[in-house]
Amino acid sequence: MAFIQWSKKNCIGVPVVDEQHQKLFDILNRLHESVVEGLEQSAVFSILDELIDYTVYHFNTEEEYFGKYGYEGLKVHKEEHDRLTAQALDLQAKLREGSATVTFEILDFLHGWLMDHTTGLDMEFGDFIREKGITIG
Ligand SMILES: [Fe+2]
Ligand SMILES: [Fe+2]
């Protein structure tokens, strides 16, 4: 059983976004595996960097669509993206300082925000796109 499991409830019905979400789930599963297997810090950190970089790329993709299709939920959604990005960068900085390691508590936190965001605000955006009959990717 994967640490974070993709299922129908995560599917927002916008293929390009769903594919990116699945990739984020895959990276988080690899990060979890690296901790369980006790890989060295540099290997764990490089997967965390990959997760953060891909998250930023993914948020930009969604925000481009918000603008392009006149999504009314843009402001609230972008604020949550900004908050999540700030939390992730803060975590990354703390880990880099050497005062912490990637713990199961941190993995649970990442699991929580990925799950909550995809089933929450991302799903609302998916509803908007489907209701408007817009086809993306
Ligand atoms: Fe998303
Ligand atoms: Fe989002």
Side-chain angles (χ1 to χ4, degrees):
M1 181 82 174
F3 173 63
I4 186 162
Q5 186 73 39
W6 175 268
S7 73
K8 253 170 73 182
K9 75 172 182 194
N10 303 103
C11 183
I12 75 161
V14 180
V16 65
V17 174
D18 285 327
E19 278 164 29
Q20 290 187 359
H21 286 161
Q22 285 179 66
K23 178 154 179 178
L24 287 170
F25 276 45
D26 288 344
I27 302 171
L28 181 55
N29 279 328
R30 281 198 284 118
L31 183 65
H32 177 261
E33 232 173 78
S34 75
V35 174
V36 170
E37 288 172 6
L39 295 195
E40 56 186 68
Q41 290 284 33
S42 60
V44 175
F45 284 176
S46 95
I47 302 172
L48 182 74
D49 288 345
E50 195 187 329
L51 180 65
I52 293 172
D53 289 350
Y54 196 76
T55 298
V56 170
Y57 167 77
H58 167 66
F59 286 172
N60 284 333
T61 302
E62 285 186 0
E63 287 167 20
E64 270 174 36
Y65 293 141
F66 299 163
K68 190 169 172 187
Y69 299 109
Y71 181 46
E72 66 266 20
L74 177 150
K75 190 173 175 288
V76 171
H77 200 143
K78 190 176 179 322
E79 275 169 9
E80 185 159 300
H81 282 175
D82 290 346
R83 191 171 54 76
L84 294 172
T85 303
Q87 280 179 329
L89 293 175
D90 184 54
L91 169 67
Q92 189 181 40
K94 284 196 178 112
L95 294 167
R96 292 256 175 246
E97 280 167 16
S99 54
T101 54
V102 178
T103 59
F104 288 103
E105 194 184 347
I106 288 171
L107 289 164
D108 283 342
F109 160 75
L110 294 169
H111 184 295
W113 78 243
L114 202 45
M115 199 47 94
D116 293 348
H117 188 72
T118 52
T119 57
L121 288 182
D122 284 348
M123 190 61 75
E124 285 179 26
F125 174 62
D127 292 344
F128 165 82
I129 290 295
R130 279 179 281 107
E131 277 161 22
K132 293 259 173 190
I134 297 166
T135 306
I136 303 177

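In terms of heavy atoms, Leu74 sits closest to Gly67 at CD1-N, 4.0 Å. Across every non-hydrogen atom of Ile52 and Ala88, the tightest pair is CD1-O, 3.6 Å. Val14 and Gly126 get closest at one heavy-atom pair: CG2-CA, 4.2 Å. Heavy atoms only, all atoms of each residue included: Asp122 and Thr118 are closest at CB-O, 3.5 Å. Closest approach of Cys11 and Asp18 over heavy atoms only: SG-OD2, 3.4 Å. In this structure, Phe25 and Gln5 approach most closely via the heavy-atom pair CE2-O, 3.8 Å.
Relative orientation of the Tyr65 and Tyr69 rings is tilted, given thresholds of 30° and 60° on the angle between their planes. Below 30°, between 30° and 60°, or above 60°: for Trp113 and Phe59 the angle between ring planes is between 30° and 60°, a tilted geometry.
Ile12 and Tyr71 fall within the same hydrophobic cluster, where Ile, Leu, Val, Met, Phe, Trp and Tyr residues are linked whenever their side-chain heavy atoms come under 4.5 Å apart, directly or through other members. At a threshold of 4.5 Å between side-chain heavy atoms, the hydrophobic network of Ile, Leu, Val, Met, Phe, Trp and Tyr places Met115 and Leu28 in one connected group. Both Leu24 and Leu48 are part of a single hydrophobic cluster, where members link through side-chain heavy atoms under 4.5 Å apart. The cluster map of Ile, Leu, Val, Met, Phe, Trp and Tyr, joined by side-chain heavy atoms under 4.5 Å apart, puts Ile136 and Tyr57 in different clusters. Hydrophobic clustering places Leu31 together with Ile4 (ILVMFWY residues linked when any side-chain heavy atoms are closer than 4.5 Å, directly or through intermediates).
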- Task: Applying side chain to side chain contact (heavy atoms under 4.5 Å, CB included), run through Met123 and Lys9 and close with a yes or a no.
- Result: CA-CA 9 Å; Met123 190 61 75; Lys9 75 172 182 194; 5.7 Å; no
- Message: Could you walk me through whether Glu62 and His58 satisfy the side chain to side chain contact (heavy atoms under 4.5 Å, CB included) test, starting with their C-alpha distance in whole Å, then the side-chain angles of each, then the deciding distance to 0.1 Å, before giving a yes or no?
- Response: CA-CA 6 Å; Glu62 285 186 0; His58 167 66; 2.8 Å; yes
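Distance check, rounded to the nearest 0.5 Å: CD of Glu124 to CG of Asp127 gives 7.5 Å. For the atom pair CG (Leu84) and CG (Leu110), the distance works out to 10.0 Å, reported to the nearest 0.5 Å. Note: Ile134 CD1 to Lys68 NZ = 9.5 Å, rounded to the nearest 0.5 Å. Rounded to the nearest 0.5 angstrom, Glu37 CD and His32 NE2 are separated by 10.5 Å. One finds the CG atom of Leu51 at 9.5 Å from the CZ atom of Arg30 (value rounded to the nearest 0.5 Å). Note that the CG atom of Leu91 and the CZ atom of Arg96 stand 10.5 Å from one another [nearest 0.5 Å].
Under the salt bridge (charged side-chain N to carboxylate O under 4.0 Å, His left out) criterion, Glu79 pairs with Lys75, sequence neighbours left out.
Two residues are said to be in side-chain contact when any heavy atoms from C-beta on lie closer than 4.5 Å; Gln41 and Val102 fail this criterion. Taking 4.5 Å as the limit, some side-chain heavy atom of Leu95 sits within range of a side-chain heavy atom of Ile106. Two residues are said to be in side-chain contact when any heavy atoms from C-beta on lie closer than 4.5 Å; Glu63 and His77 fail this criterion. Within the 4.5 Å cutoff, the side chain of Phe3 has no heavy atoms near those of the Glu33 side chain.
Side-chain contact annotation: His21 with Asn10, donor-acceptor N/O pair under 3.5 Å absent. Inspection of the Glu40 and Ser42 side chains reveals an N or O donor paired with an N or O acceptor under 3.5 Å.
Electrostatic pairing of Glu80 and Arg83 counts as a salt bridge here, judged by a charged N lying under 4.0 Å from a carboxylate O.
Remark: Glu105 CD is loosely packed, at most 12 non-hydrogen atoms of other residues, nucleotides or ligands lying under 6.0 Å away.
Figure legend: cation-pi geometry between Lys78 and Phe66 absent, as NZ or CZ is not positioned both under 6.0 Å from the six-membered ring centre and within 45° of its axis.
Among residue pairs with one or both ends in residues 33-53, none qualify as ring pair (Phe, Tyr, Trp, His ring centres under 6.0 Å); sequence neighbours excluded.
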